[in-house]
Amino acid sequence: MNHSAANHSLDNERLVEICRTLGASADLDTLLDQVVHAACEMIDSQTCAILLYEAETELLKFVAGPASRKNTSRRLRVPIDRTAAGWVYT
């Protein structure tokens, strides 16, 4: 098996592991943190985050991200226009 195929297989295994966790985890914050951690590993990134659209403010809010910034990032809101996160959202 070549390197790319091996990585693809590991990514698939990681996705299956997360899907199993979806049904077993009662705590949404823990589950989202696991998804962020797995995403970072799978794309070989130092940081990842999950943002959610907040209708009352029309902004994106951080719901999961790096553990080292958890307390700070949860209070941050990101505009949809003029940001990379907003571009991805739209």
Side-chain angles (χ1 to χ4, degrees):
M1 185 181 308
N2 66 33
H3 182 69
S4 180
N7 284 344
H8 184 70
S9 178
L10 289 174
D11 288 348
N12 285 340
E13 288 176 26
R14 189 73 168 128
L15 287 172
V16 168
E17 179 183 326
I18 288 177
C19 288
R20 285 187 185 127
T21 305
L22 283 170
S25 179
D27 179 35
L28 182 60
D29 288 338
T30 300
L31 175 61
L32 292 175
D33 288 341
Q34 290 172 346
V35 169
V36 165
H37 181 73
C40 285
E41 285 180 352
M42 290 172 67
I43 64 172
D44 195 26
S45 176
Q46 292 180 354
T47 187
C48 294
I50 297 174
L51 288 83
L52 182 66
Y53 178 71
E54 192 174 56
E56 56 273 7
T57 64
E58 296 185 352
L59 299 170
L60 299 173
K61 68 177 182 176
F62 284 83
V63 293
S68 62
R69 299 184 196 142
K70 185 177 261 186
N71 293 332
T72 304
S73 63
R74 296 268 171 131
R75 294 187 302 263
L76 295 176
R77 300 296 185 266
V78 177
I80 292 175
D81 59 338
R82 304 176 318 268
T83 64
W87 178 81
V88 170
Y89 174 76
T90 58

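- Pairs of residues two or more places apart, or lying in two chains, that qualify as salt bridge (Lys or Arg N to Asp or Glu O under 4.0 Å) and include a residue from residues 37-47 are Arg14-Glu41.
- Trp87 shares a hydrophobic cluster with Val88; the chain of contacts runs through ILVMFWY side chains whose heavy atoms sit under 4.5 Å apart.
- Here the closest non-hydrogen pair linking Cys48 and Ala39 is SG-C, 3.9 Å.
- Other residues, nucleotides and ligands place more than 12 heavy atoms under 6.0 Å from the CD atom of Glu56.
- The side chain to side chain donor-acceptor pair (under 3.5 Å) test applied to Glu58 returns no partner, not counting sequence neighbours.
- Interatomic distance, Leu59 CG to Leu76 CG, rounded to the nearest 0.5 Å: 11.0 Å.
- Other members of the cluster containing Ile43 do not exist, because no ILVMFWY side chain is joined to it at under 4.5 Å.
- Partners of Thr57 under the side chain to side chain donor-acceptor pair (under 3.5 Å) rule, at least two apart in sequence or in another chain, are Glu54.
- The minimum heavy-atom distance linking Ala85 with Val78 is given by the pair CB-CG1, 4.2 Å.
- Screening residues 31-59 for ring pair (Phe, Tyr, Trp, His ring centres under 6.0 Å), with sequence neighbours left out, gives Tyr53-Tyr89.
- Of the possible polar contacts, one joining the Thr83 side chain to the Gly86 backbone as a donor-acceptor pair under 3.5 Å is found.
- Put simply, CG on Leu52 and CG on Leu60 are 8.0 Å apart, with the number rounded to the nearest 0.5 Å.
- With sequence neighbours excluded, the residues that form a side-chain contact (heavy atoms from CB on, under 4.5 Å) with Ala49 are Leu51, Phe62.
- The side-chain contact (heavy atoms from CB on, under 4.5 Å) search around Ile50 returns Leu32, Val35, Val36, Val63, Ala64, not counting sequence neighbours.
- Screening residues 78-90 for salt bridge (Lys or Arg N to Asp or Glu O under 4.0 Å) gives no qualifying pairs among residues at least two apart or on separate chains.
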